[in-house]
Amino acid sequence: MEFLTEQHAVPGPVVYGYLRLTKPSAARQAALTEALAEYCRQRELLLDGVFTDQDLPEVTRPSAAFTALLDVLALPGIYGVVAPTVAHLGPQRLASAREKQIVEMGGRLLLLRGGSAGNGSRVEGAALLEGNVGVSAG
């Protein structure tokens, strides 16, 4: 007799995290990374890695971390990107362009908090950040 699927270890959909730190510190990066990991644990997502940018001047050169993120989104079986807030994608115009790129790659943008789910590609998890892990935009 076969076991039910619920009784087998079945990996969740694979996601990658993205952080854009305007005031980088090891403690802040660790807290944000842990918040992403907890979000994924609660939703049975498999966080396979976190790409981090240190507030690069986007006008003069492309972001290496975001470019690498798009590369992994092109792989088969990747569900999407998880970020603390849409502000982690950059200033408004850049964030909109990046969100569009994620969607065009077939991914979903999952946000711990903030934003709207207007186009169906963006999902929020606002309730997660209650407690002592504080995440602010930027």
Side-chain angles (χ1 to χ4, degrees):
M1 178 180 203
E2 282 290 314
F3 287 109
L4 297 173
T5 303
E6 291 81 8
Q7 296 172 336
H8 291 279
V10 178
V14 176
V15 296
Y16 284 87
Y18 181 73
L19 300 173
R20 181 174 167 272
L21 303 174
T22 56
K23 296 178 184 174
S25 75
R28 178 164 170 74
Q29 185 170 349
L32 289 168
T33 300
E34 180 53 36
L36 295 178
E38 181 60 25
Y39 176 91
C40 292
R41 275 191 292 275
Q42 289 181 2
R43 285 153 184 84
E44 298 181 356
L45 300 168
L46 178 61
L47 182 62
D48 205 30
V50 177
F51 293 90
T52 305
D53 272 323
Q54 306 267 332
D55 197 18
L56 300 172
E58 304 297 339
V59 176
T60 60
R61 62 180 186 219
S63 156
F66 192 79
T67 300
L69 176 67
L70 291 178
D71 287 344
V72 298
L73 279 177
L75 297 173
I78 305 303
Y79 186 73
V81 176
V82 62
T85 65
V86 74
H88 276 265
L89 296 180
Q92 188 173 7
R93 193 175 76 205
L94 179 61
S96 294
R98 286 180 167 181
E99 183 174 357
K100 184 178 177 184
Q101 287 177 294
I102 290 168
V103 172
E104 287 173 352
M105 298 290 297
R108 289 166 184 80
L109 177 60
L110 306 157
L111 300 175
L112 274 61
R113 68 175 185 180
S116 65
N119 64 5
S121 65
R122 192 188 301 179
V123 181
E124 291 183 65
L128 173 67
L129 292 177
E130 296 173 8
N132 56 1
V133 177
V135 179
S136 62

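We use all heavy atoms of the structure for the numbers below, so side chains are in, but hydrogens, waters and symmetry mates are not.
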For D71, what residues pass the side chain to side chain donor-acceptor pair (under 3.5 Å) criterion, not counting sequence neighbours? none
Minimum-distance pair of heavy atoms, taken over all atoms of C40 and V82: SG-CG1, 4.1 Å
Tell me, please, whether Y18 has R20 positioned over its six-membered ring: NZ or CZ under 6.0 Å from the ring centre and within 45 degrees of its axis? no
Contact between L111 and V86 at the side-chain level, heavy atoms closer than 4.5 Å - yes or no? yes
With E104, which residues qualify under side chain to side chain contact (heavy atoms under 4.5 Å, CB included), at least two apart? K100
List for me each residue that meets side chain to side chain contact (heavy atoms under 4.5 Å, CB included) alongside A37, sequence neighbours excluded, and say none if there are none. E34, R41, L47
Would you mind reporting whether V81 and R108 have side-chain heavy atoms less than 4.5 Å apart? no
Go through the structure and list residues passing side chain to side chain contact (heavy atoms under 4.5 Å, CB included) with T52, not counting sequence neighbours. L19, L21, Q29, V50, Q54
For L36 and L112 the tightest heavy-atom approach is CD2-CD1, 3.6 Å
Spacing of L109 atom CG and Q101 atom CD [to the nearest 0.5 Å]: 12.0 Å
Contact summary for A95 and G90, nearest pair of heavy atoms: CB-O, 3.5 Å
Hey, does R98 have a side-chain heavy atom less than 4.5 Å from the side chain of S63? yes
So do the side chains of L89 and L94 get within less than 4.5 Å of each other, counting heavy atoms only? no
Parallel, tilted or perpendicular: rings of Y16 and F51 (30°, 60°): tilted
What is the minimum heavy-atom distance between A65 and D53, and which atoms define it? CB-OD1, 3.1 Å
